[in-house]
J.: 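The structure's right below; bear with me while I get my questions together.
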Amino acid sequence: MLQVKPFIPLIMRLPAILTRYGFSAEVQDIFRQSGIAELFPPQAQAVEQGVLDGKNLLLSVPTAAGKTLMAELCMLKSILQEGGRCLYIAPLIALVNEKHDDFKKKYEPLGIKVGMATGDMDAADRYLGRYQILVATSEKVDSLLRSKAKSLINTLSVVIVDEVHLINDGSRGPTLEIILARIRQLNPAAQIMALSATVSNAKEIADWLKAGLVASDWRPIPLKEGVYYNRQIKFNNHPSRVITEDEGDPVSDLTLDTLKSKGQVLVFVNSRRSAQAASRQLCESVSQALTPEEKRQLQALSKDVVGPESSATKICRKLGDVVRHGVAFHHAGLKPEQRKLIEANFKKNLIKAICSTPTLAAGVNLPARRAVIRDCKRFESGLGSAFIPVSEYKQCAGRAGRPQYDPYGEAVLVAKSPAESKVLMEKYVKASPEPVISKLGDESALRIHILSSVAGGYVHDINDTFDFLSHTFLAHQKLLPNPIEIIGRIFDFLLREGFVEKNGFRFFATPFGQCASRLYVEPWTAITLRDGLKKIAAGKSFSHIGLLHLACCCPDAPLLSVGKQDFENLEAFAAKCQDELVFAQGEIPATDDLFRFLSVMKTTWLLNSWIEEEKEDDLCETFGIGPGDIYRHQEAVQWLLHAATVFAELLEARKLTFPLESLRLRVKYGIKEELVELAQLRGVGRVRARNLFAKGLRKLPDLKRLSVDELAAVPQIGKAVAKEIIEQLKTLHPPR
């Protein structure tokens, strides 16, 4: 287990701390109303370490141990007493929204302007400088730095980094590490407060940040961790507990036992399909614990979750079916609005149990009395069935225990045999999470960030780059064996592909390199789009399918997985449209591998079906995905088509900009070309646009001739939408 320094008993009352550090009566009133009177031990330790005196600090403690309060006090002290400006970096857009709304509600009455940044990656966002607290994802901060927003960094007094242990994440970690290194390089006077779950090498991270360390496993709600087998939970360091329910399966027994004591349950499984199956299995057990009023409310919630019948898919209906029983499943295949409804109603204690993949534990603040970790293995490509990391289990376990509701939380692993019970106890309950390791050493990640450093004007030669990288966690961990050789190889690549040009020993970004960096695309994505557009400009025949395929060939495009059962259909689709493709199989690295080629074809087929207005339900059935996946793919490809439009302008292939922009709009709305004009009206979308078109209303002037009542008579329009359309038309086509 992680060895942490024992706490000296510190009893600190918050009002006394606020008075000691000169906070105004208005600030003290805000915290008095929150009901917080006494600091938790880790919070008191943070004060002792000088976090309110401007010192850097890593606070590595469990969920709900008060990390955010200390961050808020640091920001308020800097803003109100020193005229400072603060940046709060959160890992996910959902968390950015949550923090922004919370800070805005609490602190705007004090005259503090709170803003957030999550939008388009090539937007300059100069207006962001007017906020005193800016909440943003690490990707957005990186984007701002690529736009040469040095002034944003230079004026920062406090930087809060939430979930800093995500430096360990292979996809998002390098960006977080780079922006921390950049901030430390450009503004070493800024106070950095890093917040983290308990990790085994917290001191190493703190040393890198030149920060003090508070590392503790203290929780406001005690956590019992154990393994369930044969109707008994064997806890580590706590007495065993017998479960008397007999529902026919372990998860149902544990769930009903929890609900009878007025708790809620999170069940973690290894796949989306398992989450849906487990939620169905729980319905009968959970229904027993519902009141008549809760059943009535859940009926209404079920209808909201399913949404309009015209756009409801099988997954939507399956979700609605389980929600009626007080259960939900939660995964990335759901629509964003469905996930929000589930989360909000779980927090209200209307939904009693959620079945999810472990991503829920990392992305949303949803505590429950009991966290049941049913599956500790999942399929990994090339490995087969493999154990999940200890850190992932700890993330799930950390969700157990609702502050102000539960006297304790329970994290329970489910075993199938006595031998497995012992393995799970040793491997997870008694184990420490894996150390955080820099993922910046991957050459593709370094390529991306070295280009952005040159384009942003931060480095101009190999020595500059080496100096900058010396500020990274990668360098601190000494994980780059031959840095000069690797950096030199990357500069050769950037020079060869036209991203940079050389003047003496100094490198400068070309317009192409500036464009790629500002658009926030991987260098190989920029190369793929550039070379494809050049082929088209030189006379290569293409179609909308060819442009979709070009976008899907990019490394930044998310791809659908392919099974052997897909081969025949995909090979037939590829043969049917081979003359329309910009790149043939094997022509570029992205299509060399057969599985990747087929994945690109499958994703192209999905997007083509989407813009041909096939129903979401049919797409989900055909491609084995959820409606949230359609949204994810169309969002990514929209951005790539926008990037292609910018590159076409740069290459002086302006004749391609119109078809690219038209296709981007078709992907955005899921429509045929004839509906592009109508679908852009706010509140219309693909279904209503098709209904308008079917009534002979094909252009905006056609709508202008109608009254509100006539427009409302079109199927699925109604008076409210009709009025909104009429108001928009007045702006778009003012009367002469």
J.: Provide the closest heavy-atom pair for A71 versus L195 in the form atom of the first, atom of the second, distance.
T.: CB-CD1, 4.3 Å
J.: Looking only at heavy atoms, which two atoms of L290 and H325 are closest? And how far apart?
T.: CD1-O, 3.5 Å
J.: Identify the two heavy atoms, one from A371 and one from F268, that lie closest to each other, and give their separation to 0.1 Å.
T.: CB-CE1, 4.2 Å
J.: What is the ring orientation for H238 with F235, classed by angle as parallel under 30°, tilted 30 to 60°, or perpendicular over 60°?
T.: perpendicular
J.: Ignoring hydrogens, what is the shortest heavy-atom contact between V286 and G326? Give both atom names and the distance.
T.: CG1-O, 3.8 Å
J.: Step by step, would you call T68 with K99 a side chain to side chain donor-acceptor pair (under 3.5 Å)?
T.: CA-CA 10 Å; T68 305; K99 295 297 182 187; 3.2 Å; yes
J.: Any side-chain donor-acceptor pair under 3.5 Å between S196 and H165?
T.: yes
J.: How far apart are the closest heavy atoms of N201 and Q477, and which atoms are they?
T.: ND2-NE2, 3.9 Å
J.: Would you call the rings of Y428 and Y393 parallel, tilted or perpendicular, taking 30° and 60° as the class edges?
T.: tilted
J.: Checking side-chain hydrogen bond (donor to acceptor under 3.5 Å, both in side chains) between Q297 and each of E293, K295, E294, which is the one that passes?
T.: E293
J.: How long is the gap from CZ on R369 to CD1 on I221, to the nearest 0.5 Å?
T.: 10.0 Å
J.: Look up atom CD in E247 and atom CG in L256, then write down how far apart they are to the nearest 0.5 Å.
T.: 5.0 Å
J.: Going by atom types alone, do E177 and S438 pair a side-chain donor with an acceptor below 3.5 Å?
T.: yes
